[in-house]
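Below: one structure, written as C-alpha cells.
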Amino acid sequence: MASLVQELSQIVGAVFVEWGLPAELGAVRVSDRPDLAQFQCNGAMAAAKQAKKNPRAVAEEVVARLQTNPAFAKVEIAGPGFINLNLTAEYLAGYLGGIASDPRCGVATLAKGKTVLLDYGGMNVAKAMHVGHLRPNVIGDALKRMVRFAGYNALGDIHMGDWGLPMGQIISEFEIRNPEWVYFKADFVGPYPEEPPFDYGTLEEIYPQASNACKEDPVRLEQARQATADLQNGRPGYRALWNHFMKLSIADLKKNTDALGVHFEIWKGEADVNDIIPAFADELKAKGLLVESDGAQVIEVVADDDKKEIPPLMFFKSNGAQTYGTTDLATLYERVKLYPDLVKIIYVTDKRQNLHFEQVFRAAKRAHLVDKVELVHIGFGTLNGADGKPFKTRDGGVMRFDMLLDLARQKASERMKEAHLAQDLSVEEWNDTARMIGVAAIKFADLLNQAHVDYIFDIDQMTSFEGKTGPYILYQAVRIKSLLRKAGEFEADSALYLQEGDRALALLLTQLPEVFAGALKHYTPHVLCDYTHRLAQEFSSFYGNCHILSEADESLKASRLQLCRMALAQLTLTTSLMGIDIPERM
RNA sequence: GCGCCCGUAGCUCAACCGGAUAGAGCACCUGCCUUCUAAGCAGGGGGUUGCAGGUUCGACUCCUGCCGGGCGCGCCA
C-alpha cells in the first residue's frame with residue numbers, strides 16, 4: 001500500500017520522466033507553507049541545476065502536464081521554482097477511505113522474516129532499579145515496538161550486569177558476615193539450599209556497603225576480586241549463592257518493568273557467555289587479533305585513517321579476568337550464531353559509552369563476526385534536575401524506580417482531582433487510570449526529547465494535562481472514545497465528505513506513513529511524539545469547531561464520525577508504539 | 001592535550017537529504033462554556049539560530065576558526 005505522498009510522487013515523477021528527467025526529482029512532500037499549498041515538489045530546481053536551465057521554465061513544463069490530472073485542485077509555481085499542489089477533496093477522501101479500516105492506518109510493512117535484536121536493559125543484579133534506568137527502558141522498548149511494527153522479528157534483551165566485580169563484592173561481604181554458611185565450606189558437596197537465606201532487600205542493602213568497603217580498603221578489594229575470579233571459574237558454593245542473587249533480582253526487575261509496561265524476550269546477562277569465552281578467545285587468537293599489551297590481552301581497533309587516538313578493546317585484563325568488552329563481544333558472537341536471520345543489533349545505553357561501543361563494533365568487524373549484521377548504538381543523554389545537574393532526590397540520593405512511578409501516579413491523581421475528571425470511577429478504576437496517566441506522562445516526556453540530548457526531568461510539567469504531554473494526548477483520545485460511545489453504531493465504511501473544517505484533520509491523517517518511516521529510519525521516537533501531539537491537537541480543534549453528534553446532515557455526521565474513528569485509531573497506534581496505553585475514561 | 005555532543009523566543013524543546021516568512025509547548029495578553037469531557041478552542045505579542053568568516057540561486061543545517069557548557073580518553077561496568 002502506497003502512502004499518499006508516495007502516490008503523488010509517482011504521479012509527478014512520471015511527468016518528470018516524460019521530460020527526460022529522473023523520477024526521483026518528482027518527489028512530493030508535505031508543504032512547508034500550509035498557507036500556500038498542501039504539498040510541494042522541489043525537483044524542478046534540482047533539475048534545472050543539473051540541466052543548467054531556468055528552474056521556473058522546468059517547473060512550467062511539469063506543471064502543464066499536472067494541471068490536467070484530476071487529483072489536483074490547484075497546481076502552481078512559486079518562488080524560484082517550487083511546485084505547489086492542492087488535492088481535490090474527492091481525491092483526498094478517496095485516499096483516506098482506502099485506509100479507513102486498515103488496522104495499520106496505511107503504514108506499509110517494511111520487512112519480513114528478519115530479526116533485529118535490541119539490547120536496552122542494562123540493569124544490574126542486586127542493585128535496585130532507579131531513575132537512571134528509565135531512559136534505556138523507555139527508549140529501547142519504544143524502538144523495539146517500532147521495529148516490530150515495521151515487520152521485523154524484534155527481540156529485546158535485558159543484558160543484565162550479573163558477572164563483574166559487584167558479584168564478588170557481595171559474595172565476599174556475605175562470607176565475612178556469615179562464614180558459617182554452607183556456600184563457603186570447601187568440603188561441602190551439596191546440594192545447596194533451594195531457597196536463599198536472605199531476601200532481596202538484604203541483597204540490595206549489602207551491595208552499596210560492600211562497594212564502599214572495597215573503595216576504602218585495598219585488602220577488602222582484593223578479596224572481592226578473588227571472589228569474582230572464583231565465581232567466574234565455577235566455584236560451586238559461589239555459583240549457588242549467585243543463583244540466589246539472580247532469582248531474587250529477576251523477580252524484582254520483573255515487578256518494576258511490568259509496572260512500567262516494558263518487556264524483554266531475552267533475560268540473559270554477561271554471565272551467559274562465560275562458558276564460550278575460552279573457545280572464542282582461541283578463535284580470536286587464531287585470527288591473530290588477540291595481542292598482548294602491558295600484560296593484558298587486547299584487540300587493536302585503530303584504523304589507518306584515524307585522526308584520534310582510540311585505545312584497544314581490553315579482552316583479558318593482566319590478571320586474566322574479563323571486562324565488559326569481553327562479554328559484550330562474546331555476546332555479539334553468540335547472538336550472531338543463535339539468530340541466523342539477525343540483520344541488526346541496536347544497543348541503547350548511556351552516551352558516555354560511545355567510545356566503548358565504537359571499540360566493540362570495530363573489534364567485531366575486524367573479527368568478521370558481523371559481516372551481515374548492522375550494529376547501531378543509540379547513546380542517550382542524562383536526566384537532569386531543575387538545576388541542570390543530574391537528577392537527585394531532595395536529600396541528594398538516587399530516586400528508586402518504584403518511587404518514581406508512584407510519584408507520577410500521585411501527581412496524575414492530583415491533576416485528575418483538580419480537573420474534576422473521572423469522578424464517577426470506582427476506586428480501583430481511579431487508581432488504575434492515575435497509574436496509566438503517570439506512566440504515559442513519564443514515557444511521553446522521555447521520548448519527546450531526542451535520545452542523545454540531556455533533558456530536565458520536571459514531574460509537574462510532564463504530568464500536566466496542558467501542553468505537549470502524555471496526559472494531554474490521553475485526554476484527547478478519551479474524548480474521542482466518549483464521543484464514539486455516544487454515537488453508538490454507525491456505518492463503518494461511511495464515505496467521507498470533507499468540508500472546510502474537516503480538511504486539516506483529514507490531511508494530517510494521511511501523514512503517518514512518512515512520519516513512522518522517518519522515526520524508524522533515524523531511531524527517533526520524538527518524531528512520533530510530535531506527530532501524535534499534532535494529531536491530538538488537530539482533533540481537538542476539529543472537535544471544538546465542528547458539530548459532530550448534533551450534525552443534522554446524516555452523511556456529513558457519519559463522515560465526521562469516521563474521521564474521529566481514524567484519529568483514535570492513529571492515536572492508539574502511535575501511543576502503543578511508545579508503550580503507552582489509553583484508558584477508557586478519565 | 002586529543003576526541004565526541006550541545007548552544008535556536010523569558011523557560012523547555014522542534015525544524016525531514018541545503019529550500020519559501022525558523023515552528024511547538026509553557027508563561028503572558030484578548031475573546032469563547034444553557035451543545036458532543038473548557039485542564040478545551042480561537043487569536044495576539046515575543047528571534048541578529050553563541051560569535052566571526054567561507055561555500056551558493058538559497059545556510060539553524062555544510063566547511064574553517066573562536067567563545068561558552070556537558071562528557072569521554074586500557075585493566076570499573
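Protein chains get the first letters and strands the later ones, always in sequence-line order, with residue 1 at the start of each. What's counted below: heavy atoms across the whole structure, side chains too, no hydrogens, waters or symmetry copies.
The existence of a salt bridge linking A:Lys268 and A:Asp162 is excluded, since no basic side-chain nitrogen approaches an acidic carboxylate oxygen closer than 4.0 Å. The pair A:Glu584-A:Arg485 meets the salt-bridge criterion, since a charged nitrogen lies less than 4.0 angstrom from a carboxylate oxygen. Salt-bridge check for A:Asp350 with A:Arg135: failed, with every basic side-chain N at 4.0 Å or more from each acidic carboxylate O. Between A:Lys521 and A:Glu514, no side-chain nitrogen of the basic residue sits less than 4.0 Å from a carboxylate oxygen of the acidic one, so the salt-bridge criterion is not met.
Between B:A42 and A:Ser541, a contact under 4.0 Å exists linking OP1 or OP2 to a side-chain N or O. Residue A:Lys486 places at least one side-chain N or O under 4.0 Å from the OP1 or OP2 atom of B:U37.
Base engagement by A:Leu421 is indicated by at least one non-hydrogen atom pair under 4.0 Å involving a base atom.
Side-chain proximity of A:Pro312 to the nucleotides B:G74, B:C73, B:C41 is greatest for B:G74. In the set B:C5, B:C36, B:A14, the nucleotide with an atom closest to the side chain of A:Lys351 is B:C5. The side chain of A:Leu355 lies closest to B:G72, out of B:G40, B:C6, B:G72. Ranking B:G19, B:G25, B:C6 by closeness to the A:Phe82 side chain, first place goes to B:G19. Closest to the side chain of A:Tyr324, out of B:A77, B:C36, B:A24, is B:A77. Distance from the side chain of A:Asp294 is smallest to B:C75 among B:C75, B:C13, B:A20.
As rounded to whole Å, 10 Å separates atom P of B:C41 from atom CD of A:Glu466. Note: CG (A:Asp328) to C1' (B:C75) measures 16 Å, nearest angstrom. When rounded to the nearest whole Å, the span between CD1 of A:Ile456 and P of B:G70 equals 14 Å. Here the P atom of nucleotide B:C13 and the CG atom of A:Asp446 are 12 Å apart, to the nearest Å. The distance from atom CG of A:Leu221 to atom P of B:C75 is 13 Å, rounded to the nearest whole Å. In this structure, the CZ atom of A:Phe542 is 19 Å from the P atom of B:G40, given to the nearest Å.
Checked by distance alone, A:Ser293 brings a side-chain donor or acceptor within 3.5 Å of a matching partner on the base of B:G74. Not a single donor-acceptor pair, N or O on each side, falls under 3.5 Å between the base of B:A22 and the side chain of A:Asp32. For B:A14, the base has no donor-acceptor partner in the side chain of A:Gln450 [N/O atoms by modelled type, under 3.5 angstrom]. With hydrogens and angles left out, the side chain of A:Thr323 and the base of B:C75 share no donor-acceptor pair within 3.5 Å.
Each of A:Val478 and A:Asp530 was assigned the nucleotide of RNA chain B with the nearest heavy atom; the assignment lying further toward the 5' end belongs to A:Asp530. Across the interface with RNA chain B, nearest-nucleotide mapping of A:Leu483 and A:Pro390 shows A:Leu483 to be the residue nearer the 5′ end.
For A:Asp230 and A:Gln226, the side-chain atoms include at least one donor-acceptor pair closer than 3.5 Å.
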